[in-house]
Number of protein chains: 2
Amino acid sequence: MTGSGNISTGTSTPPDRGPATSIWEVARAAGVSHQTVSRVINGKPHVKAETRALVLATIEELRFTPNRAAQALAGGPVRSVTVLTADTAAYGYASALRGIEEAARTVGFTVGISVLEPDAVLGAQEVIERLSGGRAAIVIAFEAAGTRALAALPPDYPVVGVVERPAAGHASDGRPQVWIDDREAASRATRHLLGLGHRSVHYLSIPSSTQVLSQRTQGWQDALTAAGRPVPPLRSAGWTPRSGYLAARELVADREVTAILAGNDDLALGVLRAAREAGRDVPGNLSVIGFDDAPQSAYLAPALTSVRLDFEGLGRAGFGLLHNLVDPQSAPVPSTWAEPELILRESSGPAPR
Amino acid sequence: MTGSGNISTGTSTPPDRGPATSIWEVARAAGVSHQTVSRVINGKPHVKAETRALVLATIEELRFTPNRAAQALAGGPVRSVTVLTADTAAYGYASALRGIEEAARTVGFTVGISVLEPDAVLGAQEVIERLSGGRAAIVIAFEAAGTRALAALPPDYPVVGVVERPAAGHASDGRPQVWIDDREAASRATRHLLGLGHRSVHYLSIPSSTQVLSQRTQGWQDALTAAGRPVPPLRSAGWTPRSGYLAARELVADREVTAILAGNDDLALGVLRAAREAGRDVPGNLSVIGFDDAPQSAYLAPALTSVRLDFEGLGRAGFGLLHNLVDPQSAPVPSTWAEPELILRESSGPAPR
DNA sequence: CACGTGACAGGGAGCGGTAACATCAGTACC
DNA sequence: GGTACTGATGTTACCGCTCCCTGTCACGTG
């Protein structure tokens with residue numbers, strides 16, 4: 001079943017590294033010293049305006065680009081960040097990565113990426129190798145592998161965690177992190193369902209990043225408890241539609257279950273299918289709400305009610321925080337990203353009477 | 001509507017770059033010269049077995065990791081690759097990236113990433129800046145921005161294109177590339193629909209990476225022509241469910257249209273919704289087939305018939321090709337990845353009579 | 001008019017590696 | 001036994017850049 005696709009090797013050219021222009025050439029061309037060129041590149045003071053302009057023009061003309069390796073080696077400012085993340089295909093991860101990359105690119109940072117296998121238990125040594133010389137990192141720690149990687153890093157290494165929730169109780173270890181406060185959002189979604197007349201709401205969770213309950217889970221419990229309803233047992237699933245489907249089959253078979261909150265939209269999709277197969281009508285006699293509001297969700301059948309989460313903004317803020325960390329000169333983080341919002345669509349409705 | 005989420009700055013530690021262990025320290029500890037250490041690191045000959053073992057042990061003990069920047073600066077072998085890609089959230093891109101990253105990581109390569117904005121028209125200069133010192137690159141060029149970036153790179157720069165189709169006719173410019181041969185797959189999907197009794201098949205395409213027709217489009221035309229059917233006008237859409245939905249509304253309103261082949265699964269999802277809204281029954285009186293076979297597709301309502309494409313394998317092969325390019329010593333590319341396969345599900349069926 | 005002062009500019013030493021060349025055995029050969 | 005060769009090491013010169021430190025100039029000041 002293999003052997004398809006195609007390859008064209010092209011005219012194999014050896015990695016010919018020509019005489020890349022260096023600051024020396026720029027200096028010579030501009031009639032100044034290499035040091036002055038360096039000052040101009042780094043926007044340092046003590047360079048006369050006209051000299052600066054001249055150098056800048058020369059750089060432009062020679063199409064000179066500073067050698068990153070040399071800058072890093074010579075102890076220049078940090079200008080790169082390595083992102084440690086789990087599967088980049090999942091919507092939340094991909095979006096956060098996108099936000100990080102965008103923010104990094106606009107300030108001239110290079111972004112490296114290394115994916116953490118779900119079951120990887122890396123020692124400090126291995127995690128550092130993943131960073132491969134990077135001098136700063138961002139760890140997207142929505143699940144255990146990320147949390148472990150974050151913990152494995154030396155305490156003085158510049159890193160910020162993009163996490164599911166702050167490691168409260170666990171003595172937040174003083175590491176900078178950003179997170180979406182979705183506890184209230186989960187509560188709101190739950191209350192919305194309760195308000196629709198459902199006697200209870202069942203929660204199908206995504207894997208937890210720690211041993212304790214996630215914010216979403218807590219928000220769900222909060223709402224249930226506040227309404228005086230018993231909290232049904234927590235159901236755990238993975239990240240994929242398949243996993244949601246498998247976990248939901250049992251749930252949908254129980255007619256007492258009329259409302260399901262799923263940890264993310266993919267899970268919700270699986271729930272939707274399980275419901276269909278079990279002859280349940282959504283939203284007729286079963287309501288389903290997801291988290292993330294992926295681009296697909298509005299087009300599903302039925303269109304999925306979902307909690308919109310601004311992962312991209314989260315990623316941007318995470319990078320901003322890191323930037324502040326490695327360069328105190330940098331602009332303060334725009335600590336503002338869209339707050340979770342419940343997007344009502346077709347998959348949720350009044351409880352069956 | 002902003003201001004949610006949360007930030008913890010932690011105990012702000014300045015970017016303290018301690019005295020990283022260098023090969024000199026290893027050399028001293030092992031009682032050899034730094035050059036011998038270098039030889040060991042790079043697996044070069046002319047080192048006695050016991051000396052090698054000693055150095056290796058010392059490296060292990062000191063937790064030494066070679067400084068990438070220094071290696072790069074000193075003209076060592078290429079050990080990093082920059083991936084230029086469009087939106088990482090789209091399934092095909094994300095999967096290909098995943099394949100590249102995985103293959104790169106297993107051979108110790110670092111992978112950088114830079115995303116190309118859809119409308120970005122970058123000059124050679126800008127593209128090179130994106131590479132930021134990298135000495136090798138992979139461009140995922142499924143659309144125009146990627147194709148342009150690929151073209152903008154200097155002809156002698158080590159780069160491989162992961163493309164939609166070879167730039168045939170356009171004098172393939174002798175650059176190494178990998179692609180999935182999905183022309184036949186598109187043909188097969190079309191023939192399948194024709195075989196089900198549909199008088200014609202309409203194609204809703206994703207954006208093209210060039211001005212000419214894509215392989216998928218051609219495969220679709222091939223099958224239609226071979227069957228003696230007229231080729232309906234080509235419909236173009238974007239990449240998202242929304243774009244598929246918008247483009248399909250007109251199509252589904254036409255009762256003559258009984259089979260739609262969509263350029264990817266997201267588009268197909270949009271088509272499905274448009275069909276539902278138009279009162280068309282899938283597969284009752286409209287069949288829909290997508291491309292990609294994303295993880296969600298099997299769970300949609302109706303489950304989507306789709307052409308499974310092995311983007312991950314493609315990415316792996318692309319990296320392998322690059323590896324061969326920069327390091328002739330490297331193992332030859334496993335030129336084998338899964339061939340496109342039509343996965344029959346619920347969204348396709350006999351033509352309405 | 002000599003001197004301090006600050007803004008500019010240049011020189012030189014690394015950063016941590018690799019490549020090329022120089023040494024120095026130990027072995028092979030005539 | 002002397003020369004040639006070969007494998008194992010050490011020595012030296014960069015790679016391209018940034019830091020630290022030393023000059024140089026034009027002012028202002030006493």
Side-chain angles (χ1 to χ4, degrees), chain A residues 15-55 58-59 62-80 108 110 132-135 327, chain B residues 15-56 58-59 62-80 108 110 132-135 326-327:
Chain A
D16 167 27
R17 46 200 197 84
T21 58
S22 71
I23 66 173
W24 288 90
E25 311 193 28
V26 174
R28 194 164 44 70
V32 298
S33 81
H34 72 275
Q35 177 57 18
T36 299
V37 177
S38 175
R39 285 198 187 90
V40 172
I41 291 172
N42 297 303
K44 300 224 166 156
H46 302 306
V47 178
K48 207 190 309 176
E50 28 187 316
T51 308
R52 187 181 299 273
L54 170 63
V55 172
T58 311
I59 286 176
L62 262 43
R63 301 199 178 298
F64 164 76
T65 310
N67 182 318
R68 293 267 180 170
Q71 290 184 312
L73 183 57
V78 176
R79 277 189 194 298
S80 68
T110 277
S132 56
R135 312 234 304 280
D327 176 13
Chain B
D16 167 28
R17 48 200 193 85
T21 59
S22 72
I23 70 171
W24 291 88
E25 311 194 27
V26 174
R28 195 165 43 71
V32 299
S33 78
H34 73 277
Q35 177 63 331
T36 299
V37 177
S38 176
R39 285 197 187 92
V40 171
I41 291 173
N42 297 300
K44 299 225 165 155
H46 302 306
V47 178
K48 209 193 306 177
E50 28 186 317
T51 308
R52 186 180 299 271
L54 171 64
V55 172
L56 248 19
T58 310
I59 286 176
L62 263 43
R63 302 199 178 298
F64 164 77
T65 310
N67 181 318
R68 294 270 179 169
Q71 289 184 314
L73 183 57
V78 176
R79 278 190 194 297
S80 68
T110 278
S132 58
R135 312 234 304 280
V326 298
D327 176 13

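First the proteins, then the strands, lettered A, B, ... as listed; each starts at 1.
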Please report, rounded to the nearest Å, how far the P atom of D:dC19 is from the CD1 atom of A:Ile41.
-> 12 Å
How many angstroms lie between CD1 in A:Ile59 and OG1 in A:Thr65, if you round to the nearest 0.5 Å?
-> 9.5 Å
Checking A:Arg68 side chain against A:Arg79 main chain: does a donor-acceptor pair fall under 3.5 Å?
-> yes
How long is the line joining CZ of B:Arg68 and P of C:dT18, in whole Å?
-> 11 Å
Using atom CG of A:Asn67 as one end and atom P of C:dG16 as the other, report the distance to the nearest whole Å.
-> 16 Å
To the nearest Å, how far apart are B:Arg28 CZ and C:dG16 P?
-> 13 Å
Tell me: CD1 of B:Ile23 to P of C:dG16, nearest whole Å?
-> 10 Å
Heavy-atom protein contacts under 4.0 Å, nucleotides 7-14 of chain C, coded B base, S sugar-phosphate only, - none | SSBBBB-B
Indicate whether OP1 or OP2 belonging to D:dT18 is found under 4.0 Å from a side-chain N or O atom of A:Asn42.
-> yes
Can you tell if the side chain of A:Ile41 reaches within under 4.5 Å of the side chain of A:Phe64, non-hydrogen atoms only?
-> yes
Whole-Å gap separating P (C:dC15) and CD (B:Glu25) = 10 Å
Step by step, would you call B:Val55 with B:Arg52 a side chain to side chain contact (heavy atoms under 4.5 Å, CB included)?
-> CA-CA 5 Å; B:Val55 172; B:Arg52 186 180 299 271; 5.9 Å; no
With heavy atoms under 4.0 Å as the rule, sort B:Pro66 into base, sugar-phosphate or nothing.
-> sugar-phosphate
Point-to-point distance, once rounded to the nearest 0.5 Å, from CD1 of A:Ile23 to OG1 of A:Thr58 = 13.0 Å
Below 4.5 Å, heavy atoms only, C-beta onward: do B:Asp327 and B:Val78 meet side chain to side chain?
-> no
Please round to 10 degrees the angle between the axis of the first five pairs and the axis of the last five pairs in the helix from C:dC1-D:dG30 to C:dC30-D:dG1.
-> 50°
Main-chain N/O of B:Ala69 paired with B:Asn67 side-chain donor or acceptor, under 3.5 Å | yes
Would you call B:Val26 and B:Thr21 a side-chain contact if the rule is heavy atoms closer than 4.5 Å?
-> no
Round to the nearest Å and state the distance from A:Lys44 atom NZ to D:dC20 atom P.
-> 8 Å
Do B:Thr36 and B:Thr51 have side chains that get closer than 4.5 Å, going by heavy atoms?
-> yes
Separation of D:dT18 atom C1' from A:Arg135 atom CZ, nearest Å, is 11 Å
